[in-house]
Structures are given as structure tokens and as C-alpha cells.
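Note that these values count all heavy atoms, side chains included, but never hydrogens, waters or copies made by symmetry.
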Amino acid sequence: MASQSQSPPISKSLPKETRRRLLDAGLEAFGEHGFDAVSTRELAEKAAANQAAIPYHFGGKEGVYLAVAEDLVDMVTGSVGVTAKRIRRRLESGPISLEDGEALIRELIGKMVGLLVGTDRARFRAAFVIRELMHPSKAFDRLYEGYMQQVHTTITRLVAAMLEEDPEVETSIIRAHALIGQIIVFGAGRELIRRRAGWEDLTDDHLEQIALTVTETFLASIRALRGERGLSTN
């Protein structure tokens with residue numbers, strides 16, 4: 001008799017552990033395939049959980065999707081968000097030098113690259129975010145209010161401070177958006193850069209190279225703009 005493929009064994013673990021596995025499975029499945037293409041059965045199988053665990057913990061597939069978004073918010077606020085909050089406090093304390101601004105940008109970019117590019121799961125985070133940016137759902141509101149607005153605003157204010165301009169001008173907002181976009185693309189395009197560069201996997205050294213490239217490209221544009229406006233570039 002031909003052998004048949006079998007589903008992964010159902011876990012007998014505690015509810016908290018099952019919920020965690022469903023969140024991890026949801027991030028991977030929704031990030032790769034989108035909400036509509038994923039079934040509750042697939043989620044349960046990927047998480048090695050009983051299908052009944054989904055309505056029990058989340059109320060249904062949409063509940064899993066929204067919980068994945070909230071989990072992303074918690075993850076970002078616990079890493080990038082901490083750095084962004086400290087940068088906002090520094091900006092509120094008074095004017096900053098170009099050197100101070102560059103140091104803060106370097107640190108923030110490093111944190112963002114680590115979160116969205118650093119591990120194999122980072123590509124699922126980037127893919128999930130990109131899907132929401134392209135096709136906003138209820139989850140987008142949670143992402144935006146949870147961390148996107150704060151991080152975007154922090155970068156905008158930092159850019160404006162380095163260029164000595166109003167943080168509410170559209171050009172500063174667009175420059176901040178361009179910086180964030182570079183990092184998200186590196187996360188979503190992780191496999192492309194890995195293959196083109198001949199990397200077996202992305203190591204800490206590779207992440208440092210990516211962060212340095214993004215940072216230097218961005219800071220070069222800031223220095224050029226300062227030069228055009230007659231501001232010091234030292």
C-alpha cells in the first residue's frame with residue numbers, strides 16, 4: 001500500500017504555548033500567502049495544534065491575523081520603539097548637532113535592520129507589513145497606531161533637525177519614508193540579496209554591511225542637502 005502523507009502530531013502543550021505557535025504559524029503563512037489564501041486548517045497544521053484552538057484563542061482566522069499584527073507591534077515597540085522613544089526625548093531636550101543626529105540615525109537603522117532583515121523570520125515580518133501597506137485592512141490600523149506612526153514621526157523629526165527645517169514639511173516626511181522603504185525592501189528581498197551576494201545565510205557581518213550601506217546612502221543625501229543650503233557638513 002502506498003504511504004500517505006501525515007499531518008504533524010497535535011501538541012498537548014499548555015494553551016499559552018499553543019497560542020504562541022499559532023501566532024508564529026500565522027506570521028509565516030499570512031506573510032507568504034496573504035489572508036485569503038490561508039485556511040484555518042493550514043494554520044492549525046503548521047502550528048501542530050488542534051483546529052479548534054483557533055476559535056478558542058482568537059475567535060477565528062481574522063482574529064489570528066489581527067493578533068499577528070498586535071504581536072508585531074509588541075515586538076517592534078520592545079526593540080526599535082525603545083530607541084525611537086529615546087531619540088524623541090533627545091530631540092525634545094534641544095537642538096542637536098549633525099554628528100549627534102548621524103549617530104542616532106545609525107543606531108535606529110541598525111535596530112530596524114536587525115528586526116526586519118536579521119533572521120529568516122524577518123522576511124515574514126517584512127512581507128506581512130508590505131501586504132498591509134499595499135492592501136490595508138483592520139490590521140493596518142493596529143500597525144500604524146501601534147508603532148508605524150511613532151517610528152515614522154521620530155525619523156521625520158530627526159531628519160528635519162539635521163536639515164534645520166520644520167518637521168511637518170512634506171519633504172521631511174517623504175525622506176523618512178524613503179529610509180524606511182529601503183529597510184523593508186531588504187527584508188522582503190532577503191533571498192535576492194543572499195543569492196546575488198553568494199551568501200549561504202545572512203550573518204551578523206552581512207547585517208552590518210546592509211545597515212552601513214543604508215545609513216551611508218541616507219546620510220550622504222543629508223550632507224548634500226545641507227551643503228546646498230549653505231549649512232555646515234562637519
Side-chain angles (χ1 to χ4, degrees), residues 10-11 13-89 108-156 176-177 179-181 183-188 190:
I10 300 302
S11 171
S13 58
L14 298 174
K16 185 176 181 180
E17 296 170 347
T18 300
R19 188 178 193 279
R20 179 70 262 166
R21 287 202 312 278
L22 283 167
L23 285 172
D24 291 342
L27 175 64
E28 181 176 341
F30 294 135
E32 282 201 310
H33 308 296
F35 179 80
D36 292 334
V38 177
S39 68
T40 55
R41 179 179 178 179
E42 290 171 319
L43 284 174
E45 289 180 350
K46 187 177 287 291
N50 193 300
Q51 195 168 342
I54 292 175
Y56 175 80
H57 287 285
F58 304 101
K61 186 174 75 167
E62 184 180 28
V64 178
Y65 192 81
L66 294 176
V68 167
E70 291 174 350
D71 196 50
L72 271 173
V73 169
D74 291 340
M75 190 178 302
V76 175
T77 54
S79 57
V80 175
V82 173
T83 301
K85 185 176 182 179
R86 184 164 55 78
I87 291 174
R88 289 196 298 274
R89 287 200 300 265
L108 187 58
I109 289 176
K111 286 289 183 68
M112 293 177 71
V113 166
L115 185 70
L116 291 174
V117 188
T119 66
D120 188 51
R121 297 195 63 76
R123 67 187 177 92
F124 301 130
R125 296 178 198 135
F128 187 95
V129 170
I130 287 174
R131 286 182 183 279
E132 280 301 314
L133 289 170
M134 294 179 65
H135 306 287
S137 69
K138 292 179 182 178
F140 181 78
D141 292 336
R142 303 193 184 194
L143 294 173
Y144 182 79
E145 295 167 7
Y147 79 86
M148 284 183 175
Q149 183 180 28
Q150 293 178 353
V151 173
H152 205 297
T153 299
T154 299
I155 296 174
T156 302
H177 200 69
L179 173 58
I180 293 171
I183 299 170
I184 290 177
V185 168
F186 266 108
R190 193 173 185 272

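In this structure, the separation between CG on Leu66 and CG on Leu143 is 9.5 Å, given to the nearest 0.5 Å. Expressed to the nearest 0.5 Å, how far CD of Glu28 lies from CZ of Phe124 amounts to 4.0 Å. Taking CD of Gln149 as the reference point, atom CG of Asp141 lies at 11.0 Å (rounded to 0.5 Å). Atoms NE2 and CD1, from His152 and Ile180 in turn, are 4.5 Å apart once rounded to the nearest 0.5 Å.
Put simply, the side chain of Arg125 never gets that close to the backbone of Leu72: no donor and acceptor are under 3.5 Å apart. No donor-acceptor distance shorter than 3.5 angstrom exists from the side chain of Arg88 to the backbone of Thr154, with no hydrogens or angles considered. Side chain of Lys61 to main chain of Val38: a donor-acceptor pair is present (N/O by atom type, distance under 3.5 Å, no hydrogens or angles). Between the side chain of Arg131 and the backbone N or O of Glu32, at least one donor-acceptor pair lies under 3.5 Å.
The minimum heavy-atom distance between Ala47 and Arg21, with the atom names listed, is O-NE, 2.7 Å. Annotation for Ala122 and Leu115: closest pair CB-O, 3.5 Å, computed over non-hydrogen atoms. Across all their heavy atoms, Val64 and Gly26 have their closest contact at CG1-CA, 4.5 Å.
The pair Arg41-Glu45 meets the salt-bridge criterion, since a charged nitrogen lies less than 4.0 angstrom from a carboxylate oxygen. A salt bridge between Asp71 and Arg20 is present, with a side-chain N of the basic residue lying under 4.0 Å from a carboxylate O of the acidic one.
Partner of Ile155 under the side-chain contact (heavy atoms from CB on, under 4.5 Å) criterion, out of Leu179, Ile87, Ile109: Leu179 alone.
Enclosure of atom OH in Tyr144 is not indicated, since only 12 or fewer non-hydrogen atoms of other residues, nucleotides or ligands lie within 6.0 angstrom.
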